[in-house]
Amino acid sequence: MKDLKGAKTILIVKGVLIVAGVSLAYFGVIKPIFNKLGITNSKEDRKGKKAQESLSKDGYFNASLYNNNKSRVSITTNQADYSATQIYDAKYGGCYGFCDNEEMAVNGIKVAKSLVDISFISNQFSEYYSKDLGSYLESFLENKNYTEIVNYIKTLKKF
């Protein structure tokens, strides 16, 4: 009887150690590697993806708000032009296509003091580069950058 009780205890301890080891291996090693490779999404990635979808759906990078409210813009044409250039140049970050400077693009958007200013920057971007600003940003921004942009946009008023 005693040997049976001891064997059960040893079996339970081994089972707990195996479960703990597998959990540690998965959550501590395998999952972070899968996240880096893009096989699974981390919490930050899911949040950034949601932010990206929100920006696309809400049309913040559409020039129509600016076109309907030109008199309500609070930044100068020079500021909008500079922001558009800064965003465009951020994709290559001065590294001849080998590195992006996502913060440079985010800062180009943060020049805006209202949603109509973002629309104005989008208009200038389209005018100079014949590209849609939202699509251009999607080509190189990371999920955390989208989260930062959405959080900034939430602080802005329409005009």
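- Taking CG from Asn101 and CD from Gln86, the interatomic distance works out to 8.5 Å, rounded to the nearest 0.5 Å.
- A distance of 10.0 Å separates CD of Glu138 from CG of Leu133, quoted to the nearest 0.5 Å.
- To the nearest 0.5 Å, the span separating CD1 on Ile12 from NZ on Lys8 amounts to 8.0 Å.
- Leu17 belongs to a hydrophobic cluster whose other members, connected by ILVMFWY side-chain contacts under 4.5 Å either directly or through intermediates, are Val13.
- Between the side chain of Ser119 and the backbone N or O of Leu115 there is no donor-acceptor pair closer than 3.5 Å.
- In this model, no donor atom of one side chain and acceptor atom of the other lie less than 3.5 Å apart for Thr76 and Asn78.
- Two residues are said to be in side-chain contact when any heavy atoms from C-beta on lie closer than 4.5 Å; Asn67 and Lys70 meet this criterion.
- Note that the CG atom of Leu156 and the CD1 atom of Ile118 stand 5.0 Å from one another [nearest 0.5 Å].
- Connectivity analysis of hydrophobic side chains (ILVMFWY, heavy atoms under 4.5 Å, direct or indirect) links Ile18 to Val22.
- Classification of Lys110 and Glu148 as a salt-bridged pair holds, one side-chain N sitting under 4.0 Å from a carboxylate O.
- Shown here for Ser126 and Lys131, the closest heavy-atom pair between the two residues is OG-O, 3.1 Å.
- Nearest heavy atom pair, residue Ser122 against residue Ala63, reads OG-N, 4.4 Å.
- For the salt bridge (charged side-chain N to carboxylate O under 4.0 Å, His left out) condition, no pair includes a residue of residues 150-159, sequence neighbours left out.
- Ring geometry for Tyr88 versus Tyr129: interplanar angle under 30°, hence parallel rather than tilted (30 to 60°).
- Ile109 is not listed as a side-chain neighbour of Ile121, based on a closest heavy-atom distance of 4.5 Å or more.
- Every side chain to side chain contact (heavy atoms under 4.5 Å, CB included) that Ser114 has, sequence neighbours left out, goes to Ser74, Val116, Asp117.
- One finds the OH atom of Tyr128 at 9.5 Å from the CG atom of Asn123 (value rounded to the nearest 0.5 Å).
- Here the side chain of Asn107 pairs no donor or acceptor atom with the backbone of Met104 at under 3.5 angstrom.
- In terms of heavy-atom proximity, Leu137 sits nearest to Ala105 at CD2-CB, 4.2 Å.
- Between the side chain of Asp132 and the backbone N or O of Ser135 there is at least one donor-acceptor pair closer than 3.5 Å.
- Looking at every heavy atom in both residues, Val73 comes nearest to Ile75 through CG1-O, 3.2 Å.
- One distance of note links OH of Tyr146 with CG of Asn151; it measures 14.5 Å at 0.5 Å rounding.
- Under the ring pair (Phe, Tyr, Trp, His ring centres under 6.0 Å) criterion, Phe140 pairs with Tyr136, not counting sequence neighbours.
- Tyr66 meets the ring pair (Phe, Tyr, Trp, His ring centres under 6.0 Å) test with Phe120; sequence neighbours excluded.
- Linking Ile, Leu, Val, Met, Phe, Trp and Tyr whenever their side-chain heavy atoms come within less than 4.5 Å leaves Tyr82 and Ile149 in two separate clusters.
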TODO: Decide side chain to side chain contact (heavy atoms under 4.5 Å, CB included) for Thr85 and Gln124; before the verdict, give the C-alpha distance in whole Å, the side-chain angles of both, and the deciding distance to 0.1 Å.
DONE: CA-CA 9 Å; Thr85 302; Gln124 297 303 93; over 6 Å; no
